[in-house]
Amino acid sequence: MKTVMKFGGTSVGDGTRIKHVARLIKAHVDAGHNTVVVTSAIGDTTDLLLDTARKASTSGNPDNIKKIIAELRTTHHKAIRDAFNSTIETSSAIEVIKEINSRLEEVEKALIGICYLGELTARSVDFISSFGERLAAPILSGALRTVGLNSKSFTGDEAGIVTTKDYGNALPLERTYSQVKERLGHLVEDWVPVVSGFIARCEDDTVTTLGRGGSDFTASIIGAAIGADEIWLWKDVPGIMTADPGVVPVARTLPTISYIEAMEMSYFGAKVLHPRAIEPAIRHGIPVRVKNTFQPESEGTLVVGEEEKRRDVVKAVSVINDVALINVSGAGMIGHIGVAARIFTALAEAGVNIMMISQGSSEANISLVVDDKHLDSAVRAIQTDFKNGIVRDITSDEKISVIGIVGSGMAGVPGVAGRTFNALGRAHINVIMISQGSSQHNISFAVAKDQSHDAVRALHREFELDKIKI
Ligand code: ADP
Ligand code: ASP
Ligand code: MG
């Protein structure tokens with residue numbers, strides 16, 4: 001079997017964990033499976049890099065940079081020693097340490113540049129944040145060599161991933177698939193390539209990233225490119241669950257889920273999968289397994305194209321917090337043709353993604369939910385486009401969350417919306433805005449941010465997801 005295995009940040013959180021991961025991969029390869037490994041950055045390295053870059057751009061003081069680089073050097077050197085089991089420096093450890101040091105020098109210089117310029121562009125954010133994965137891949141690859149596998153490391157770019165120029169959310173160009181196949185397709189028969197997740201390069205040769213949590217996406221792109229039989233995503237949870245276990249402690253692991261359900265869940269905030277991670281797998285119908293690194297014997301969740309109809313109407317509840325509501329109103333909008341279309345166009349031109357939309361039947365009001373980081377540009381775009389008075393008021397609210405309930409079994413089943421809103425009413429949760437996709441695989445609605453977790457728990461209870469048949 002040909003597999004791609006991706007390990008998340010917690011799974012490779014330190015040297016001991018990397019050693020554990022190396023043994024897992026070794027057992028899998030020894031069982032006869034050709035394997036490409038994709039790794040995330042160690043622990044929260046990406047957050048640390050982003051935070052350092054932001055501080056550097058505003059403080060103009062390089063002292064913090066020196067401190068953080070020293071911290072990263074210590075954690076990564078320790079990870080090497082623990083993962084390679086070397087109290088004395090073996091030649092393979094020394095080689096990897098050299099590589100890590102040179103990458104740390106590179107990121108330090110870039111951070112100092114940002115500090116003196118006092119400017120942080122989307123392009124430099126991607127360059128800086130790419131270093132987490134660039135540091136991790138040589139270490140995991142070295143750990144695989146110490147357990148006796150042939151392994152070399154690649155950046156996403158070296159593996160063949162070339163993307164659009166959308167820094168922070170880049171998408172693979174079509175030729176990625178043939179390039180990755182060319183570079184890794186045969187190699188995988190004798191080698192275990194370790195590819196840094198999350199990062200790539202665009203056509204004009206600058207570093208891009210695939211969005212936070214993007215290593216899942218890298219794994220799926222590589223899986224589709226090499227025609228993998230399965231893509232395994234190793235995480236710190238038992239699989240895809242009926243809700244975030246941090247919010248709902250009684251959440252259960254779903255043994256199977258369809259591609260579309262998994263996509264909708266991640267779209268509505270279930271951080272367990274990158275929202276685009278399933279798309280490349282769908283191209284070739286490749287099953288995706290989500291497994292727990294720390295309980296490798298458990299089955300985890302299998303994400304597949306078609307699933308037999310289950311009795312469960314609703315499978316999962318998720319919440320997305322980084323959103324804002326915009327209300328556009330004005331009596332002049334009543335009967336005025338094309339207002340919604342103009343709003344869509346203005347927002348599309350400003351690069352704003354609309355997550356939800358609803359229009360009151362009086363037509364005097366349109367509500368939209370957008371990413372909170374796009375709020376200012378969204379409001380500005382609508383203001384500029386409607387200078388002529390049709391729109392009287394544009395208000396916004398950042399203190400909202402969107403809840404999504406997902407399950408393909410709800411298509412055509414009457415009463416799901418009724419049960420949902422009754423349960424919320426009983427829990428004294430006010431629904432600010434509602435939308436149901438025409439696919440009927442989800443119902444989503446906005447509530448006040450400080451009630452979002454209560455809403456998730458109320459719905460988990462209402463649909464008895466803690467008793468879901470496993
Ligand atoms: P990775 O280790 O691959 O980076 P993530 O940290 O991105 O994994 O995703 C796992 C996290 O997603 C969990 O720690 C959990 O808190 C969160 N999560 C949110 N919703 C769900 C869900 N429905 N099922 C499982 N985990 C979820
Ligand atoms: N390291 C990146 C992040 O923290 C990508 C990933 O972990 O998948 O977002
Ligand atoms: Mg992740």
Side-chain angles (χ1 to χ4, degrees), residues 5-13 17 21 37-51 125-126 128-137 140 155-156 168-170 195-200 207-221 231-255 257 261-277 288-294 298 300-301 303 314-321 403-407 452-453 456 459-460 465-466 468:
M5 288 201 171
K6 173 256 165 173
F7 292 87
T10 315
S11 304
V12 293
R17 288 181 177 178
V21 162
V37 173
V38 174
T39 186
S40 286
I42 291 180
D44 55 8
T45 307
T46 313
D47 287 328
L48 194 61
L49 287 167
L50 285 168
D51 185 53
V125 167
D126 273 16
I128 299 291
S129 60
S130 73
F131 277 89
E133 272 71 8
R134 287 210 253 175
L135 294 168
L140 180 53
T155 61
N169 243 330
V195 181
S196 7
F198 177 55
I199 64 173
V207 173
T208 52
T209 67
L210 307 175
R212 294 305 306 267
S215 301
D216 293 341
F217 196 12
T218 305
S220 185
I221 293 168
I231 298 162
W232 293 20
L233 307 175
W234 293 87
K235 295 178 182 266
D236 60 355
V237 274
I240 299 181
M241 304 177 76
T242 51
D244 184 342
V247 177
V248 184
V250 292
R252 303 285 297 264
T253 306
L254 294 159
I257 184 168
E261 288 169 326
M263 283 199 293
E264 304 237 350
M265 277 181 76
S266 51
Y267 183 71
F268 287 109
K271 184 183 159 238
V272 64
L273 282 185
H274 180 285
R276 306 201 89 111
V288 176
R289 236 176 243 286
V290 178
K291 283 178 67 85
N292 188 339
T293 313
F294 309 107
S298 317
T301 300
V303 190
V314 172
K315 281 214 183 126
V317 190
S318 56
V319 55
I320 175 159
N321 286 314
I403 311 281
I405 61 173
V406 173
S452 66
H453 287 182
V456 171
L459 294 171
H460 201 272
L465 298 182
D466 57 324
I468 205 163

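For ligands, and for the atoms within them, numbers begin at 1 and follow the listed sequence. Here the structure is a predicted model, which is why all the values come from computation and not from measurement. We're numbering straight along the sequence, starting at 1.
Side-chain N or O atoms of R252 include one that pairs as donor or acceptor with a backbone N or O of D466 at under 3.5 Å. With hydrogens and angles ignored, the 3.5 Å screen pairs a side-chain donor or acceptor of R17 with a backbone N or O of T10. With hydrogens and angles ignored, the 3.5 Å screen pairs a side-chain donor or acceptor of T293 with a backbone N or O of K235. A distance-only check finds no donor-acceptor pair linking the side chain of S220 to the backbone of F217 [under 3.5 Å]. Judged purely by atom type and a 3.5 angstrom limit, H274 has no side-chain atom pairing as donor or acceptor with the backbone of F198. For the pair T218 (side chain) and G197 (backbone), a donor-acceptor distance under 3.5 Å is absent.
When hydrogens are left out, the protein atom nearest atom 6 (C) of ligand 2 is S215 OG, 3.4 Å; that is the closest non-hydrogen contact. Atom 4 (O) of ligand 2 has its closest protein heavy atom at R212 NH2, 2.9 Å. Looking only at protein heavy atoms, the nearest one to atom 7 (O) of ligand 2 is S40 OG, 3.2 Å.
Salt bridge status for K271 with D216: absent, with no side-chain N to carboxylate O gap under 4.0 Å.
Residue G9 places every heavy atom at 4.0 Å or more from ligand 2. Contact analysis puts G213 in contact with ligand 2, with a non-hydrogen atom separation below 4.0 angstrom.
Every protein residue with a heavy atom nearer than 4.0 Å to ligand 1 is included here: K6, G8, G9, K235, D236, V237, G239, I240, M241, A243, D244, P245, M265, A270, K271, V272.
Contacts of E133 with ligand 2, taken as heavy-atom pairs under 4.0 Å, involve the side chain alone.
At under 3.5 Å, not a single nitrogen or oxygen of D216, backbone or side chain, sits near a nitrogen or oxygen of ligand 2.
Going from atom CG of L50 over to atom OG of S129 covers 5.0 Å, rounded to the nearest 0.5 Å.
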*Stepwise side chain to side chain donor-acceptor pair (under 3.5 Å) test for D126 and T209*: CA-CA 6 Å; D126 273 16; T209 67; 3.1 Å; yes
